[in-house]
Amino acid sequence: MLEQSCISVIVPFYNAKSYIKTCLDVLLNQDFAKPFEIIMVDDASTDNSRDIVKMHNFPGLRLYSLPSNSGPAAARNLGLKKAKGEYVFFLDVDDTIATNTLTTLHSIANQTACDLVFCDSKWIENSQNQRSNIFSYPADQALGNSDLIEAMRRRLHNPISMGGPLGCKGRLIRRSIINDNNILFEEELRYLEDETFSWDMLAHVRSARYVRKQLYSYYVRPNVSTALSDGLNRGFP
C-alpha cells in the first residue's frame, strides 16, 4: 500500500475455515474511507484457512504465519511487529464489527488526538444479544488518568466487572503507545492474556474516549472448542 495506513487491524486465527470469509467480508465492507491494513496471522492452522485468505484480493491484506501453534498472544505479537498503522485494532476471527466501526472510532481519535477509543460489545448467543442495552457508561465521555485507575480498581475488587476500558478488542489503540513502551502479550498465557496486555497499555494512556455504541459483536458458542479450552487441554498455564 502506497499511502500510510491509518489503522492496522490484527486478526489471529487457527483452523478458522468456518469464519475466515465472514471476517474478511466484514472488514472489506467497512465504510472507512482512509487506508487501512488487515493483518491476518495464522497460528499454524491444519485446515485450509490460509487458502481462503489468499483468495481475497485487497491491497491492504497481509498474511503471516507462526511456525507452530503458539496461541493468540503470540499471533497478536507477530501482528504488532508487522503493523504500520497509526492505530491498531484487534479483532477475533469468529467475531464481527458494525460497518461503521472503524469510521466511528477513528473520527473520534482524529478529533481528540487521544491514545485510546473504545466502545461496547454485543454478546450474541443463539442469535440474541445477551447484553442488549447494557453499556459501560451512560453517555459518550472522555477519560483521564484518574478515570482509568478507577476502572482498573473496580475490576480488581469485582472480578465479574465487565466492560469499560479494559480489554484489547473493540478499540483503537495508538500504536506508538505499544511500541514506545515495549508492550506485548504474555505468550505463556492462554487465558486473560488480552486483559494483562490492556493493564500494561493503560499505564501509558494519557487520554481515552468512550463511544456509547455496541459496535463489536462477540459470539458465544457453548459447544465449540476455543483457543482457551484447547490450550488448557494441552497443558498450557
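The basis for the numbers below is simple: all heavy atoms, side chains too, and nothing from hydrogens, waters or symmetry mates.
- Checking side-chain atoms of Asp47 against main-chain N and O of Ser49 turns up a donor-acceptor pair under 3.5 Å.
- Remark: side-chain polar atoms of Thr196 are paired, donor with acceptor, to backbone N or O of Glu193 under 3.5 angstrom.
- Remark: the backbone N or O of Phe185 is paired with a side-chain donor or acceptor of Asn77 at under 3.5 angstrom.
- Arg171 places a side-chain N or O within donor-acceptor distance of the main-chain N or O of Pro165, the cut-off being under 3.5 Å.
- Sorted by first then second residue, the salt bridge (Lys or Arg N to Asp or Glu O under 4.0 Å) pairs that include residues 95-123, not counting sequence neighbours, are Asp115-Arg174, Asp115-Arg206.
- Not one N or O on the side chain of Thr99 forms a donor-acceptor pair closer than 3.5 Å with the backbone of Gln30.
- Other residues, nucleotides and ligands contribute over 12 non-hydrogen atoms within 6.0 Å of the CG atom of Asp180.
- If you look at Phe89 and Phe32, their ring centroids are not closer than 6.0 Å.
- Between Tyr87 and Phe36, the distance from one ring center to the other does not fall under 6.0 angstrom.
- When atom types are taken as modelled, the side chain of Thr101 and the backbone of Ala98 share a donor-acceptor pair closer than 3.5 angstrom.
- Annotation for Cys23 and Leu91: closest pair SG-CD2, 3.9 Å, computed over non-hydrogen atoms.
- With no hydrogens or angles considered, no side-chain donor-acceptor pair links Glu150 and Ser146 at under 3.5 Å.
- Qualifying salt bridge (charged side-chain N to carboxylate O under 4.0 Å, His left out) partners for Asp92, counting only residues two or more places apart in sequence or in other chains: Arg76, Lys169.
- Side-chain atoms of Arg175 come within 3.5 Å of backbone N or O of Gly85 as a donor-acceptor pair.
- Judged by distance alone, the side chain of Asp194 and the main-chain N or O of Gly167 form no donor-acceptor pair under 3.5 Å.
- Scanning both residues, Gln214 and Asn129, for their nearest heavy atoms gives OE1-ND2, 3.0 Å.
- Under the 4.5 Å side-chain criterion, counting only non-hydrogen atoms from C-beta, Tyr14 is not in contact with Val93.
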